[in-house]
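I have a structure here, written as structure tokens, and I will follow up with some questions on it.
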Amino acid sequence: MSWPGVVNRYRDRLAIQGEAVTLLEGNTPLIPLPRLADRFLPGATLYAKFEGLNPTGSFKDRGMTAAVTQAVHDGATALICASTGNTAASAAAYAARAGIKCVVLIPEGKVALGKLAGAIAYGAQVIQIRGSFDDGLRLVQEISQTMPLALVNSVNPARLEGQKTGAFEVVETLGRAPDLFALPVGNAGNISAYGIGFTEAFERGDCDARPRYIGGQAWGASPLVLGAAVAHPETAATAIRIGNPARWHQAMETVCESGGQIWRVADGEIFTTYHALAELEGVFCEPSSAAGVAALIKSVKFGKLSVADQTIVSVLTGHGLKDPDSAVAGASAPLVVDATLTDLQRVLS
Ligand code: F0G
């Protein structure tokens with residue numbers, strides 16, 4: 001049987017009603033990362049849950065299929081969200097799929113090109129705001145109270161319902177829960193959703209333990225580590241440029257109960273890990289996606305975590321092609337030669 005998308009696949013485990021609005025998202029691979037583990041996390045068995053392979057290129061599609069299915073069931077004719085880019089692209093695609101309108105608010109000049117391209121291509125009304133994601137989230141929460149616009153940010157519980165299916169897939173693929181589970185943390189919806197998902201899988205008896213969570217926040221946007229909102233978040237990892245996460249308390253509860261930790265990682269550490277994933281393993285994710293692995297590497301380096309004999313899964317939340325500018329930044333332009341054998345031999349010798 002072909003894959004039916006996450007709402008149909010896990011229908012009996014999701015609090016979602018309505019005929020699925022789906023692009024057949026989910027069922028993403030768990031890719032072993034042996035070279036990266038050898039180099040940075042010796043003794044660990046490391047996998048990437050590569051969520052960049054979803055239909056719009058990020059994990060948001062799991063939550064969006066669920067949120068849009070429920071919204072359409074409830075009679076919505078238009079969606080709205082604030083976004084650092086991926087939620088916008090995903091909402092726009094699922095709105096197109098449902099034949100309804102979509103409005104997205106993004107921080108001016110701070111959204112990676114591939115995400116903006118998606119939102120535009122899928123036909124959303126894109127509005128840039130002079131402010132941060134946090135300002136945008138406040139605005140869409142307010143406007144959705146007064147206008148007929150269904151809010152599809154992760155404050156909407158249907159989003160977490162969809163995103164928890166990532167945990168179900170990890171448990172099915174591994175035949176158990178990982179010992180450690182690492183991911184980037186921005187608005188903190190995804191870590192909260194995985195917390196629900198692994199707990200539900202555990203309660204069903206699909207796994208006999210739950211993972212310890214390791215989160216990564218960007219240095220200049222690390223409210224959960226600082227214990228205080230950040231008024232002007234800054235990081236080149238624009239997907240997680242968030243100063244006041246909506247799911248703050250749920251995320252902290254998930255991490256603390258598990259005995260895990262959230263780390264702040266400098267942009268340099270995020271980008272080093274991002275390049276290592278691509279160059280050592282052939283896995284090209286977007287910069288923010290590497291923050292979970294960067295947090296693991298940092299906690300081992302500081303002697304705060306022992307990974308020997310541990311099975312580790314890190315979610316790589318978005319595809320590298322979302323952010324082509326980051327991929328070429330700092331690289332020298334490719335060599336140009338005359339189209340002759342002599343010239344080619346000269347540069348290859
Ligand atoms: N990784 C990527 C690629 C993201 O786009 C996001 C969030 C995160 C990680 C963090 O996930 O918010 O659930 O903690 N992007 C949102 C957006 C905010 O608007 O696309 P989170």
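Order of listing sets the numbers, starting from 1, for every ligand and every atom in it.
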closest protein heavy atom to atom 5 (O) of ligand 1 is N86 ND2, 2.8 Å

| message | I'd like to check whether G186 has a polar contact with ligand 1, where a contact means an N/O of the residue lying under 3.5 Å from an N/O of the ligand. | response | yes

Given the options K60, R62, K322, E51 meets salt bridge (charged side-chain N to carboxylate O under 4.0 Å, His left out) only with R62

At under 4.0 Å between heavy atoms, what of S83 touches ligand 1? The answer is both

Mind checking whether A188 has an N or O less than 3.5 Å away from an N or O of ligand 1? yes

Find out whether T28 and N54 are in side-chain contact, i.e. whether some heavy atom of one side chain is under 4.5 Å from a heavy atom of the other. yes

At under 4.0 Å between heavy atoms, what of I240 touches ligand 1? The answer is side chain

Practice prompt. Decide whether an N or O pair under 3.5 Å exists between G189 and ligand 1.
Written response: yes

Looking only at non-hydrogen atoms, the one of T317, N187, L224 nearest atom 1 (N) of ligand 1 is T317

Note: K115, heavy atoms under 4.0 Å from ligand 1, region reported as neither

Going by the 4.0 angstrom heavy-atom rule, the piece of R247 near ligand 1 is neither

dist D267:CG -> T235:OG1 (nearest 0.5 Å) comes out at 3.5 Å

| Are any of the heavy atoms in P184 under 4.0 Å away from ligand 1? | yes

Within the 4.0 Å heavy-atom cut-off, what I242 brings close to ligand 1 is side chain

One finds that the ligand 1 atoms under 4.0 Å from a non-hydrogen atom of E286 are 3 (C)

A student checking ligand 1 against T87 at a 4.0 Å heavy-atom cut-off should list atoms 16 (C), 17 (C), 19 (O), 20 (O)

Is there a nitrogen or oxygen of S289 sitting under 3.5 Å from a nitrogen or oxygen of ligand 1? no

For residues 91-115, which side-chain donor-acceptor pairs fall under 3.5 Å, sequence neighbours excluded?
{"unit_1": "Y94", "atom_1": "OH", "unit_2": "E25", "atom_2": "OE1", "d": "2.6"}
{"unit_1": "R97", "atom_1": "NE", "unit_2": "T22", "atom_2": "O", "d": "2.9"}
{"unit_1": "K115", "atom_1": "NZ", "unit_2": "E286", "atom_2": "OE1", "d": "2.6"}

Closest heavy-atom approach to atom 18 (C) of ligand 1 among L316, V315, T84 is made by T84

For residues 206-214, which side-chain N or O atoms pair as donor and acceptor with protein atoms under 3.5 Å away, sequence neighbours left out?
{"unit_1": "D206", "atom_1": "OD2", "unit_2": "R13", "atom_2": "NH2", "d": "3.4"}
{"unit_1": "D206", "atom_1": "OD2", "unit_2": "R204", "atom_2": "NE", "d": "2.8"}
{"unit_1": "D206", "atom_1": "OD2", "unit_2": "R204", "atom_2": "NH2", "d": "3.3"}
{"unit_1": "R210", "atom_1": "NH1", "unit_2": "T199", "atom_2": "OG1", "d": "3.0"}

closest protein heavy atom to atom 7 (C) of ligand 1 is K60 NZ, 3.0 Å

